[in-house]
Amino acid sequence: MKVAANTAGFIADLISERDLTAEFVSLLAAEQNALRDGAVEQLEKLAHNKSGAAQRLSELGERRTGYLVASGFSPDSYGMDSWVKNHPQETGAIAAWHELRRLAVRAREANQTNGALIDLRLRHHQQALAALGNACGATTLYGPQGQTLPLTRARRLSAA
């Protein structure tokens with residue numbers, strides 16, 4: 001982990017972290033749309049982009065906490081809040097920090113919504129598979145590695 005060597009580098013990293021978090025929130029919004037539309041191909045690309053952005057965010061977060069510790073602050077949001085109080089002249093960094101916190105809340109909420117959409121789609125597909133299996137008398141399916149999986153209990157076709 002390379003720590004920002006000075007305040008200017010720290011501020012540049014903080015602004016980069018804010019901008020990348022905004023990009024991450026946009027990726028989550030696109031993922032939400034793709035989940036609603038059932039756009040599987042788009043989901044694969046978004047997952048790759050999200051993974052890369054998450055990795056870069058992790059690196060920037062580690063650098064931020066490293067700088068805070070090296071500067072005598074705690075490596076968390078309290079430390080960052082203390083840094084802000086001790087550097088009131090750094091208005092750009094302060095604005096970036098506040099925006100970063102707001103974006104992090106949006107990202108967490110979007111991620112929870114996307115998780116709920118994934119769960120809903122998964123349950124729907126499981127119920128559809130179980131209903132089809134029941135209609136043709138099947139009691140098991142094959143998983144992605146060829147293992148035998150029991151069908152989940154489905155509602156009657158008239159109730160589905």
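Residue numbers run from 1 in the order of the sequence given.
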side-chain contact (heavy atoms from CB on, under 4.5 Å) assessment of Leu43 paired with Glu31: CA-CA 6 Å; Leu43 286 170; Glu31 180 183 57; 3.9 Å; yes
side-chain contact (heavy atoms from CB on, under 4.5 Å) between Arg56 and Glu23, intermediate numbers included: CA-CA 11 Å; Arg56 292 190 313 272; Glu23 180 183 324; 3.7 Å; yes
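Atom CG of Leu35 is separated from atom CG of Leu28 by 10.0 Å, given to the nearest 0.5 angstrom. Ser26 OG to Arg106 CZ: the interatomic distance, rounded to the nearest 0.5 Å, is 7.5 Å. Note: Gln112 CD to Leu117 CG = 12.0 Å, rounded to the nearest 0.5 Å. To the nearest 0.5 Å, atom CG of residue Leu20 and atom CD of residue Gln55 are 11.0 Å apart.
Within the 4.5 Å cutoff, no side-chain heavy atoms of Arg108 are placed close to those of Asn111. Glu99 is listed as a side-chain neighbour of Arg102, based on a closest heavy-atom distance under 4.5 Å. When side chains are defined from C-beta on, Thr65 does not count as touching Asp76, because their heavy atoms never get closer than 4.5 Å.
Using modelled atom types and a 3.5 Å distance limit, the side chains of Arg36 and Gln32 yield a donor-acceptor pair.
Both Ile15 and Phe10 are members of a single hydrophobic cluster when ILVMFWY side chains are connected at heavy-atom separations under 4.5 Å. Linking ILVMFWY side-chain heavy atoms closer than 4.5 Å, directly or via other members, places Ile11 and Leu100 in a single hydrophobic cluster.
Looking at Asp37, its side chain never comes within 3.5 Å of a backbone N or O of Ala39 through a donor-acceptor pair. Asn86 places a side-chain N or O within donor-acceptor distance of the main-chain N or O of Ser82, the cut-off being under 3.5 Å. Ser51 places no side-chain N or O within 3.5 Å of a backbone atom of Ala47 that could act as its donor or acceptor partner.
Ring geometry for Trp83 against Tyr67 counts as perpendicular: the plane angle is over 60°, on a 0 to 90° scale with 30° as the lower cut.
Screening Val84, Asp81, Leu68 for a side-chain contact (heavy atoms from CB on, under 4.5 Å) with Phe73, the sole residue that qualifies is Leu68.
Across all their heavy atoms, Leu14 and Ala93 have their closest contact at CD2-O, 3.4 Å. In plain terms, the two heavy atoms of Leu103 and Val25 that are nearest each other are O-CG2, 3.6 Å. Contact between Glu90 and Thr7 at its shortest, heavy atoms only, is OE2-CG2, 4.2 Å. Leu46 and Ala34 make their closest contact through CD1-CB, 4.2 Å (heavy atoms, listed as atom of the first residue, atom of the second, distance). Closest approach of Ala104 and Thr21 over heavy atoms only: N-CG2, 4.2 Å. Across every non-hydrogen atom of Leu57 and Glu17, the tightest pair is CD2-O, 3.7 Å.
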